[in-house]
Undergrad: 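Structure in structure tokens, see below.
Letters A, B, ... mirror the listed sequences (proteins, then strands); counts begin at 1.
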2 protein chains.
Amino acid sequence: MGLVVQKYGGSSVADAEGIKRVAKRIVEAKKNGNQVVVVVSAMGDTTDELIDLAEQVSPMPAGREFDMLLTAGERISMALLAMAIKNLGHEAQSFTGSQAGVITDSVHNKARIIDVTPGRIRDSLDKGNIAIVAGFQGVSADKKDITTLGRGGSDTTAVALAAALDAEVCEIYTDVDGVFTADPRVVKKAKKIDWISFEDMLELAASGSKVLLHRCVEYARRYNIPIHVRSSFSGLQGTWVSNEPIGDKKVEQAIISGVAHDTSEAKITVVGVPDKPGEAAAIFRTIADAEINIDMVVQNVSAAATGLTDISFTLPKTEGRKAIDALEKNRPGIGFDSLRYDDQIGKISLVGAGMKTNPGVTASFFEALSDAGVNIELISTSEIRISVVTRADDVPEAVRAVHTAFGLDSDTDEAVVYGGTGR
Amino acid sequence: MGLVVQKYGGSSVADAEGIKRVAKRIVEAKKNGNQVVVVVSAMGDTTDELIDLAEQVSPMPAGREFDMLLTAGERISMALLAMAIKNLGHEAQSFTGSQAGVITDSVHNKARIIDVTPGRIRDSLDKGNIAIVAGFQGVSADKKDITTLGRGGSDTTAVALAAALDAEVCEIYTDVDGVFTADPRVVKKAKKIDWISFEDMLELAASGSKVLLHRCVEYARRYNIPIHVRSSFSGLQGTWVSNEPIGDKKVEQAIISGVAHDTSEAKITVVGVPDKPGEAAAIFRTIADAEINIDMVVQNVSAAATGLTDISFTLPKTEGRKAIDALEKNRPGIGFDSLRYDDQIGKISLVGAGMKTNPGVTASFFEALSDAGVNIELISTSEIRISVVTRADDVPEAVRAVHTAFGLDSDTDEAVVYGGTGR
């Protein structure tokens, strides 16, 4: 008898009907002879409604009380889900993050899991129950305060529990049929990926794919927990994310896993930087001190005549203001002529472990963009990824062109999006 | 520096405005030099909405998961209240029932408090914080599961914390200005009571007054915690409930505290019972075995010719069906002719410790009812209370007549109801 961890996002449990549908799916897994642990997010828009309320009583809600507030959402959905399962004749018990042994640090609103001690979950399973666990939340090790895990927290809860309970698989149920070779909203002919390695999935997540967050995939890779991303609506086989294709999923890995895009970033160019050692360090120390994460960095070749160069980097648009302020404040220390800020950019990335050994990939990628009339502004590459920055308006066309050029197009329009997006 | 426990019901924190208003009131108490512990109910209709959701996924939600669900309501209100207080420049921390040390038995949906260990609350107060505690909830001693305290649970939480923390007073904030000599919705000239003894308050609560529940008053009497019932809207002095008038509240206790009424009961008459020892016992053992609480019991004088008598008793309407079924099932063992069920009754009660030593009270009471043309069907008395059962339709007129007869009428229409009713 295997142990399965299933995670359901907010769009899967948006209303009573959704909860009953999910309950049936959970009971099926139990009937198939598995021990079942379910991690659930807050219903539909609950979290947004709670945030609205908080903003009405306080202009800058944060910290301990904000976490206490937000965790009410999962408490509601998990209790309802347990009731719905009982109503199908099976025993279920719900557990808060604290009761499930999800121990975190004390950084409210974006806590990190530091230990998982699922003793009560194990006991409940041994008694034949289905265990329902609140996603997104834990309890701080030192102060015993309620914490939340931040964005993608419920997925991380699921993977962490799967690791602690030595589960066979962590199933992430969502409102799409799996991970696709490109965003189905942009590329109609995007294909569902049957299997993808942790490494390729990490690159896709870092490049803008939103189905799984980087943090959750990283956790799964560290503990070698296979993830099965699938739809709670269709019941179809989804995408397996693991070290090796497992079970009967003997698919040969394609050269290219997929095309990701991201239009949430902005570009800052620092103009007229003296081309001498220590200049780049001064810029990026300033940015790091402001606690801003940056993505791509490119330095132009220095113009011999002036001895000055330009350095460009990308960062989340939401951090743009903060970065500009920090650089301006440090202008005397760094020494530059001016700053250029541009938030009309997009990033297109091609991901695939196969590209290492296929020298033609980079050339084909640039040719596809060129044929589509897309101008490239920045380039960055890793072992298994090529990314370019273009105008934001060019992104959809660029993604489609690359998708087609690498033979990823499906014969049919198979991608379906079933609902909204969960937490 | 004194320690004050304040409790706010759902109608006081129904929306963001209400929460901000309550936050100001709490901060005032803190500024007056008190340590302040606040017990809060769920916002407005939250609990009803959660119950609706539960009924949509399961026809008979109950037990552990239902408690887990309902306690989300207080988690929301307490976190928002803590944020609103912080926004006024004061420090506040919110605590679940479990974190506040409210230990209960394991009877879900109507748990009883068996211990209060408020170590974390004390620590938080000592650090200068205002402590906000979720009402209505606790944690079971044996299983460490979340429990709820049932009806009036938040008031009981407040009194229990006040007792455990040795508070000077437990302030119960509600949507009326205090306890009145009669229900202000029925008697426009009802007067606010400045002080009332625990005993009289217990009788009023048992007789249908809804401002404070019996259970909470009983707890306060046992630990001698003065209760101050008052409005969160008006800020006026309300009603003090205590052993002795305290502080500058040197009021002489009136002969009569007030008139209560109750139309939530039904009457069952067991017709044609053999008038011999053991018959009444057989009836009430049957009722008790069905776990039904009864209120008044009256046995008619036996008709000499037949040797048969009738026994009537009152009970909550909601238990009527169950009682009839239990009696019919046991008819062979009990031996009676027929059952009569009547849910068109009302009960009017006159309460006051002074009536013991005032023999004219009973007579005046019956005269007032007679003058108002109200027929009396059952009578029951205690040391400090007289109750009669009448037709339900006669109740408003009967209450007004008695209120006037005992000189309770105010010179003005002073009673105001500010909102809905909380938990």
Undergrad: So what's closer than 4.5 Å to chain A heavy atoms on Q99(B): side chain, backbone, both or neither?
TA: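 Only the side chain of Q99(B) comes within 4.5 Å of chain A.
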Undergrad: Sort S77(B) into side chain, backbone, both or neither according to what part of it lies under 4.5 angstrom from a heavy atom of chain A.
TA: neither
Undergrad: Using heavy-atom distances under 4.5 Å, tell me whether K86(A) contacts chain B through its side chain, its backbone, both, or neither.
TA: side chain
Undergrad: Above 12 or not: heavy atoms from other molecules or residues under 6.0 Å from NZ of K24(A)?
TA: no
Undergrad: With a 4.5 angstrom heavy-atom cut-off, which part of A92(B) approaches chain A: side chain, backbone, both or neither?
TA: backbone
Undergrad: When only pairs under 4.5 Å are counted, which of R64(B), M43(B), E17(B) shares the most heavy-atom pairs with chain A?
TA: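 Highest number of heavy-atom pairs under 4.5 Å: R64(B).
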Undergrad: If you look at every heavy atom in P59(A) and N87(B), which pair is closest and at what distance?
TA: CD-OD1, 3.0 Å
Undergrad: Roughly how far apart are T96(A) OG1 and M68(B) CE, rounded to 0.5 Å?
TA: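 Answer for the OG1-CE pair, T96(A) versus M68(B), is 5.5 Å.
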Undergrad: Which one wins on heavy-atom pair count under 4.5 Å against chain B: L88(A), L50(A), V57(A)?
TA: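 Counting heavy-atom pairs under 4.5 Å, the top option is V57(A).
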Undergrad: I'd like to know which of D145(A), L69(A), L81(A) tops the heavy-atom pair count under 4.5 Å against chain B.
TA: L69(A)
Undergrad: Working to the nearest 0.5 angstrom, can you tell me the gap between M83(B) CE and Q56(A) CD?
TA: 12.0 Å
Undergrad: What is the distance from atom OG of S58(B) to atom CD1 of I85(A), rounded to the nearest 0.5 Å?
TA: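 Between S58(B) OG and I85(A) CD1, I get 11.5 Å after rounding to 0.5 Å.
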Undergrad: Once rounded to the nearest 0.5 Å, what's the spacing between atom CD1 of I146(A) and atom CZ of R75(B)?
TA: 5.0 Å
Undergrad: Between I76(B) and chain A, with a heavy-atom cut-off of 4.5 Å, which part of the residue counts as in contact: side chain, backbone, both or neither?
TA: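 Both backbone and side chain of I76(B) come within 4.5 Å of chain A.
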Undergrad: Using non-hydrogen atoms only, which part of I19(A) is less than 4.5 Å away from chain B: side chain, backbone, both, or neither?
TA: side chain
